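Everything below concerns the one structure shown next.
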Amino acid sequence: MGCEACNPEIISWFSLGALYLHPVNGNECSVVIGGDYITTESGTGLVHTAPGHGQEDYLTGLKYGLPIVSPVDDEGNFTAEAGQFSGLSVLGAGNAAVVKYLDEHVSLILEEPYKHKYPYDWRSKEPTIFRATEQWFASVDGFRDAALDAIKRVTWVPSQGENRIVNMISGRSDWCISRQRTWGVPIPVFYHVDTQEPLITEETIEHIKAIVSEKGSDAWWYMKTEELLPDKYRDKASEYRKGTDTMDVWFDSGSSWAAVSAKRDGLNFPADVYLEGSDQHRGWFQSSLLTSIATTGKAPYSSVITHGFVLDKDGLKMSKSVGNVVDPEKVILGGKDSKKEPPYGADVLRLWVSSVDYTGDVLIGSEILRQMSDMYRKLRGTMRFLLANLHDWNPENSVPYSDLPKIDQYALFQLENVVASMKDSYDNYQFYKIYQTLQRFAIVGLSNFYFDVAKDRLYVGGRVSYTRKSCQTVLAAHLLYLVRAIAPIMPHLAEDIWQNLPFEHTLEDGSVAKFAFDLKWPDKNEEWCSVQKDDVDFLSVILELRSEVNKILENARTGKLIGASLDAKVYLHAENPDTVSKLKELASATNDADALHRLFITSQVEILPSLSEETTSGVSYAGKFSDPRTGEIWIGVTRADGMKCERCWVYTKDVGSFGDHPTLCSRCHGVIDLQPQASPAAAAVA
């Protein structure tokens, strides 16, 4: 019997070594002080202590040297050790029989039902019976320090996983590796029929190992004892029985590294990565570590990645009974109602996986999938733009980097840095950062700026123009880099792109890449990184300035001053001399691609030397842009000067100067004049 320090009289009894008689068998039993599980808030403070039937009671029994009695068999019935109650079900007739016995022997003061918390088996919905049974244990004490040291040399993603497993290993007691199940891998131990002494030697293990290698682990169950014993013990087979305990499944999975990583061709030990849910710090990650440290002295993995769990759109656990399960197969192939459950394909599902921070629990639902599908279509649109504008591209026509316009060099600088950032995210398994980069760069950044300003060069400048070739050089680089960057996440899209590649791409060994996965990750291009910091900073400012210019252009459009942005002329004024110099350089750039009006997609840009009534009198819409690197820049918008070219829609003063093409500007006239003329015969055939 256990008691808590709640009754001075009880304490005095204990101090005198009080004993009491067991109400059934009459044995003398000791009164002891229990642990924290006995409180003054519930009950009398006097509790029955059964060291053979509960973890807390067991520890109390060990502390005071109490006998560990467990008179219950595997079927939940009393054993012969329970005397007259032998064979009765503990939870049924046995319980009733004990109560009756106590009542008949005037040992029961009161019997009444009452509700209290008690652990139930989740599957059978029956109360759980705890028993102290003989088990096999693996001692962790001998290699605990080695395990803790090995943990430090493993990369844990997320990093807090290291603290979690350290705490678990530090406080781990001996590992119980045996189970009493009707299925599983057997523990290859024999027991002497009379003494129950276990027989397990290197010789018996090697013999059984050879049998299992040939016939599988089920051989233990269907082969006879004499067949399982080595020759040395075969004549004594009748004196032994084979054990029925099975191995803890965590020991099974925890030793998988020995059968997989360390044995199979093409695999390495330790494994590069172990990937599982965050609950596996107490499971697979830990059992794998312990078995590997005990036998090899090192961890079985170089990195460990843990993830959270997938919840429905409202953050609730998925359940078939609730009906909130998102079936991956339906996400990919679609459901019966294609409007409600459209087939998104595997790439959209993979894109969703990359978009979430998997280190915690993540949400998925129909609306989330629709958003992913939109993102996928936009990305696909970006890649289609690249493919379409490279339809006539020949890599031999690539423009040398040193001859590229500044805006193209800046675009390659951005591409190199973005791809380097994505590689770093891949290396650190931070896939959501790759998703964010794709969204920010490949969809928003490219489409809203570079593709936007490139259209004039691609569609208007003529097929053989230098500005078009330089632009295609940059587009080809983006295509070849981005297809490799998205391939691990969206392999089907990457391969679809590659099978529609309008030109051949040659690998380092001289062969032509037939598939997207023939490519390797691009090496760092030092030349693309060589853009001067001042140029990078200023072009970054120009992009921000462009956003402010677009706002004022939108105001002018709303006010009916202009229709398209090409109807406008932009005025800029800055006080900072360095800013003025750089703005003038871009405004009068001999390279048409770098000209400010091309970057703003307006017809003209003029840098004003000062702001006065004379210089700003015709400006209807104005605003300001400010940046620490450039100071304040004043922005004004009016209608463009000159007439509109019907081919490029740019306003210039030279429209009407060409008799053969009076509606064209000089640039378009030059392009038209350079186009090859078909012969009359060829024209007739066409």
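Owing to the predicted nature of the structure, the values given are computational and were not obtained by experimental measurement. All residue numbers refer to positions in the sequence shown, counting from 1.
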Open item on the list: Using 0.5 Å steps for rounding, measure from the NZ atom of Lys569 to the CG atom of Asp641.
Closed with: 4.0 Å
TODO: Measure the CD1-CD distance between Ile562 and Glu554 for me, rounded to the nearest 0.5 Å.
DONE: 8.0 Å
Open item on the list: Going by side-chain hydrogen bond (donor to acceptor under 3.5 Å, both in side chains), name the residues that satisfy it together with Ser612, two or more places apart in sequence or in a different chain.
Closed with: Thr615
Task: Salt bridge flag under 4.0 Å for residues Arg667 and Asp456 - done: yes
Task: Option passing salt bridge (Lys or Arg N to Asp or Glu O under 4.0 Å) with Asp374 (candidates Arg377, Lys378, Arg370) - done: Arg377
Task: Distance flag, aromatic centroids of Trp352 and Tyr344, threshold under 6.0 Å - done: no
TODO: Using a strict cut-off of less than 4.0 Å between a Lys/Arg side-chain nitrogen and an Asp/Glu carboxylate oxygen, indicate whether Glu548 and Lys551 qualify as a salt bridge.
DONE: yes
Open item on the list: Which residue in the set Asn397, Asn389, Leu458 passes side chain to side chain contact (heavy atoms under 4.5 Å, CB included) when paired with Gln472?
Closed with: Leu458
Open item on the list: Quick one: does any side-chain atom of Arg598 pair with a main-chain N or O of Asp594 as donor and acceptor, under 3.5 Å?
Closed with: no
Task: Distance-only donor-acceptor check, side chains Asp408 and Tyr450, under 3.5 Å - done: yes
TODO: Run the salt-bridge test on Lys514 and Asp518 with the 4.0 Å N-O cut-off and return the result as yes or no.
DONE: no
Open item on the list: Working note: Leu275 + His307, criterion side chain to side chain contact (heavy atoms under 4.5 Å, CB included); need CA distance, chi angles, decisive distance, verdict.
Closed with: CA-CA 8 Å; Leu275 170 66; His307 58 77; 3.9 Å; yes
- [ ] Indicate whether any N or O donor in one side chain lies under 3.5 Å from an N or O acceptor in the other, for Ser354 and Arg350.
- [x] no
Open item on the list: Take a 6.0 Å sphere around CD of Glu329 and say whether it holds more than 12 heavy atoms from other residues, nucleotides or ligands.
Closed with: no
Open item on the list: Under the rule for side-chain hydrogen bond (donor to acceptor under 3.5 Å, both in side chains), what residues qualify as partners of Ser447, not counting sequence neighbours?
Closed with: none
